[in-house]
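Below, chain A is the first sequence line, B the second, and so on; all start at residue 1.
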There are 2 protein chains.
Amino acid sequence: METTAPAAKRTGGRSALVLGAVKRATEELIEEKGRERLTVPMIAERAGVNPTSIYRRWGDLPTLINEIATYRLDPARPLPETGALRDDLTGWAREIVEHYSTPVNAALLRGGASVAGERESDCLRNRRAEATIFVGRHPEAGITPDQVIDHLVAPIIYRVIFLPWSLDDTTAERLVSDLFDLPSRA
Amino acid sequence: METTAPAAKRTGGRSALVLGAVKRATEELIEEKGRERLTVPMIAERAGVNPTSIYRRWGDLPTLINEIATYRLDPARPLPETGALRDDLTGWAREIVEHYSTPVNAALLRGGASVAGERESDCLRNRRAEATIFVGRHPEAGITPDQVIDHLVAPIIYRVIFLPWSLDDTTAERLVSDLFDLPSRA
DNA sequence: CAGTTAAAGCAACTCTATTTGCATTAGACT
DNA sequence: AGTCTAATGCAAATAGAGTTGCTTTAACTG
């Protein structure tokens with residue numbers, strides 16, 4: 001039986017080159033033309049690769065886009081660890097805002113959005129994992145991963161997608177501030 | 001010169017029928033197949049309309065989807081007006097959650113997301129207008145439209161798009177509660 | 001209740017995405 | 001090195017999207 005992944009047999013050399021070229025080409029083109037005007041042959045040409053190779057590897061464009069969107073922000077990068085939850089989250093949120101301020105990444109996110117829900121393709125699942133790490137370090141703060149998602153990640157992502165012009169380098173701090181300081185109101 | 005809009009000349013009768021049929025067909029199909037596998041000819045067939053008519057009216061699929069996504073939640077519907085901001089927002093948020101719990105509307109939203117940013121196609125602009133009305137009625141609460149967007153609308157939309165299974169009928173209240181009650185923390 | 005013409009239909013055509021079978025290249029393993 | 005075969009390339013075939021010119025229908029106007 002093969003519950004264990006089929007495991008790609010050839011990962012280096014030419015295959016890796018193609019992979020990289022396709023990835024790069026997709027990123028460039030999605031930024032230039034946007035998700036809606038992107039096609040597989042277009043990517044293939046830019047990558048100097050045969051379209052067939054793309055179809056055979058990924059099956060279709062949505063799959064390709066989703067894969068790239070998911071792993072763009074390195075899941076292995078170091079996370080802020082200042083000792084204070086608020087500072088950790090501020091640094092982290094800043095990084096996310098900055099990341100998605102790049103047109104490439106914003107475009108990829110929108111592409112990811114259009115295929116989300118259909119499969120297990122939540123290209124932001126890594127963000128949730130990271131949020132969990134942060135709050136786990138400071139249980140005394142009484143903040144839940146869900147709250148971080150709802151009040152920090154969600155607003156950023158929402159604005160990236162629908163109101164990109166509204167993002168600036170004060171956004172992260174403002175949101176963290178809301179998260180911690182929203183006073184009780186009558 | 002025609003800087004002034006061409007202005008549609010025929011709005012009733014057959015035109016209206018086509019419009020309705022196309023709208024309905026698009027909604028059905030985007031739910032069935034998802035944004036990515038939707039095509040104009042497909043819609044035309046389901047609607048019993050000639051593809052040409054769609055191309056000529058809307059130009060392309062993204063435009064069509066965006067238009068439908070924008071006006072799905074009737075902008076003229078009555079808004080909650082209980083006298084208390086918190087209750088208004090709770091009712092409103094509930095309505096939004098319920099709206100997007102329908103697969104059709106969720107799919108349309110994702111479709112809207114994939115074309116957002118590229119044009120003035122913020123299919124959620126009406127939500128912002130509504131938020132402004134609510135906080136405008138209760139300036140004493142000290143809540144801004146931006147905060148409503150960030151902490152109420154954004155989390156809902158985020159979950160609709162990426163984590164649809166996480167929405168339930170407690171979501172709206174939870175978010176409003178966070179918005180009002182998030183205690184100050186160290 | 002005509003006349004005008006916007007909007008829809010139709011059909012042939014173009015263009016481009018996607019598929020498929022086969023040949024070629026080159027990773028991985030011995 | 002040599003073998004096996006996964007992965008790519010190539011090219012022809014298919015399919016379906018989108019375009020265009022023209023015809024027909026029927027919504028508005030007077």
Self-check item: Pair A:Arg174 + B:Asp146: basic N to acidic O under 4.0 Å
Solution: no
Quiz item: Thinking salt bridges, do A:Arg94 and A:Glu173 make one under a 4.0 Å N-O criterion?
Solution: yes
Atom pair distance, as rounded to whole Å: [atom1] in [X] and [atom2] in [N]:
| X | N | atom1 | atom2 | value |
| --- | --- | --- | --- | --- |
| A:Trp58 | D:dA7 | CH2 | P | 12 Å |
| A:Arg37 | C:dT16 | CZ | C1' | 16 Å |
| B:Leu17 | D:dT25 | CG | C1' | 13 Å |
| A:Met42 | C:dT18 | CE | C1' | 15 Å |
| B:Leu61 | D:dG18 | CG | P | 7 Å |
| A:Lys33 | C:dT16 | NZ | P | 12 Å |
| A:Arg10 | D:dT8 | CZ | P | 10 Å |
| A:Ile43 | C:dA17 | CD1 | P | 10 Å |

Given [N], is OP1 or OP2 found less than 4.0 Å from the side-chain N or O atoms of [X]?
| X | N | result |
| --- | --- | --- |
| B:Arg56 | D:dT20 | no |
| B:Thr39 | D:dA17 | yes |
| A:Ser15 | C:dG27 | no |
| A:Ser53 | D:dG9 | yes |

Exercise. Taking atom types as modelled, find out whether A:Thr63 and A:Asp60 have a side-chain donor-acceptor pair closer than 3.5 angstrom.
Key: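 Yes, A:Asp60 and A:Thr63 have a side-chain donor paired with an acceptor closer than 3.5 Å.
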Quiz prompt | B:His151 side chain to A:Asp178 side chain, donor-acceptor N/O pair below 3.5 angstrom | solution =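 B:His151 vs A:Asp178: donor-acceptor pair found between side chains.
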If hydrophobic clusters are built by linking Ile, Leu, Val, Met, Phe, Trp and Tyr wherever their side-chain heavy atoms come under 4.5 Å apart, do [X] and [Y] end up in the same one?
| X | Y | value |
| --- | --- | --- |
| A:Ile30 | A:Val49 | yes |
| B:Tyr100 | B:Leu79 | yes |
| A:Leu109 | A:Leu61 | no |

From [options], nucleotide with atom closest to [X] side chain:
| X | options | result |
| --- | --- | --- |
| B:Arg14 | C:dA26, D:dA17, D:dT25 | D:dT25 |
| A:Pro41 | D:dG9, C:dC10, C:dT18 | C:dT18 |
| B:Arg57 | D:dA17, C:dA8, D:dG9 | C:dA8 |
| B:Thr11 | C:dG9, C:dA28, D:dC28 | D:dC28 |

Quiz item: A:Asn50 or B:Val40: which one's nearest nucleotide on DNA chain D is closer to the 5' end?
Solution: A:Asn50
Quiz item: How sharply is the helix from C:dC1-D:dG30 to C:dT30-D:dA1 bent, taking the axes over five pairs at either end and rounding to 10 degrees?
Solution: 60°
